[in-house]
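The following block contains the structure, expressed as structure tokens.
Positions are given from 1, in the same order as the sequence printed here.
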Amino acid sequence: MSARRVVALVDGLVQGVGYRFFVHRAATARGLAGSATNLPDGRVEVVLEGPADDVAAVLAGLDGADAPGTVRGVQARDDVVQGVHGFTTG
């Protein structure tokens, strides 16, 4: 199974509503590494790395019905796989 790394910028009312912890739970449930970080402009940066199918599933859920807050948009781009381990929130 091929590995994939995605960096996504999530826009909307996504800070102070448990969004990063929602992403953390979804990512770790699928064994993904990465991070969910609040940005100064109010967005959340999400980095997901692991098996491509699992990354795609979590990515699809970033603006799903279970996502806390109000997601207005998700801009995602593929990045070079770095072989990171663990998931952090910041």
Inset, instruction - Please examine the side chains of R20 and V44, heavy atoms only from C-beta on, and report whether any two atoms are closer than 4.5 Å. - result: yes
Inset, instruction - Could you pull out the closest heavy-atom pair between V14 and G42, with the gap in Å? - result: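 Where V14 meets G42 most closely, the heavy atoms are CG2-O, 3.7 Å.
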Inset, instruction - Answer yes or no: is there a side-chain heavy-atom contact under 4.5 Å between S35 and V23? - result: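 No. Closest side-chain heavy atoms not under 4.5 Å.
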Legend entry - Exercise: identify the closest heavy-atom pair between A76 and L59: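 Of all heavy-atom pairs spanning A76 and L59, the closest is CB-CD1, 3.9 Å.
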Legend entry - Closest heavy-atom pair and its distance - A67, G61: CB-O, 4.2 Å
Inset, instruction - Search all heavy atoms of V47 against all heavy atoms of F87 and return the closest pair with its distance. - result: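 Closest heavy-atom pair between V47 and F87: O-CE1, 3.6 Å.
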Inset, instruction - Among residues two or more places apart or on two chains, list those pairs meeting salt bridge (Lys or Arg N to Asp or Glu O under 4.0 Å) that have a residue in residues 65-90. - result: R4-D78, R5-D79, D11-R72, R77-D79
Inset, instruction - Could you give me the CA-CA distance, side-chain angles and deciding distance for L32 and V58, then say whether side-chain contact (heavy atoms from CB on, under 4.5 Å) is met? - result: CA-CA 9 Å; L32 299 179; V58 174; 3.7 Å; yes
Inset, instruction - Search all heavy atoms of A33 against all heavy atoms of V84 and return the closest pair with its distance. - result: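 Scanning both residues completely, I find the closest heavy atoms to be CB-O, 3.3 Å.
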Inset, instruction - Determine whether L62 and V71 make a side-chain contact, defined as any pair of heavy atoms from C-beta on separated by less than 4.5 Å. - result: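 Result no, sub-4.5 Å side-chain heavy-atom pair not found.
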Inset, instruction - Would you indicate whether the side-chain heavy atoms of T37 and T89 approach each other to under 4.5 Å? - result: no
Inset, instruction - Please check if the side chain of E45 supplies one atom and the backbone of A36 the other of a donor-acceptor pair under 3.5 Å. - result: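 Absent.
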Inset, instruction - Taking the side chain as every heavy atom from C-beta outward, state whether V55 and E49 have any atom pair closer than 4.5 Å. - result: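 Sidechains of E49 and V55: no contact.
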Inset, instruction - Would you check if F22 and V17 make a side-chain contact, meaning some heavy-atom pair closer than 4.5 Å? - result: no
Legend entry - L9 vs L39 side-chain heavy atoms within contact, under 4.5 Å: yes
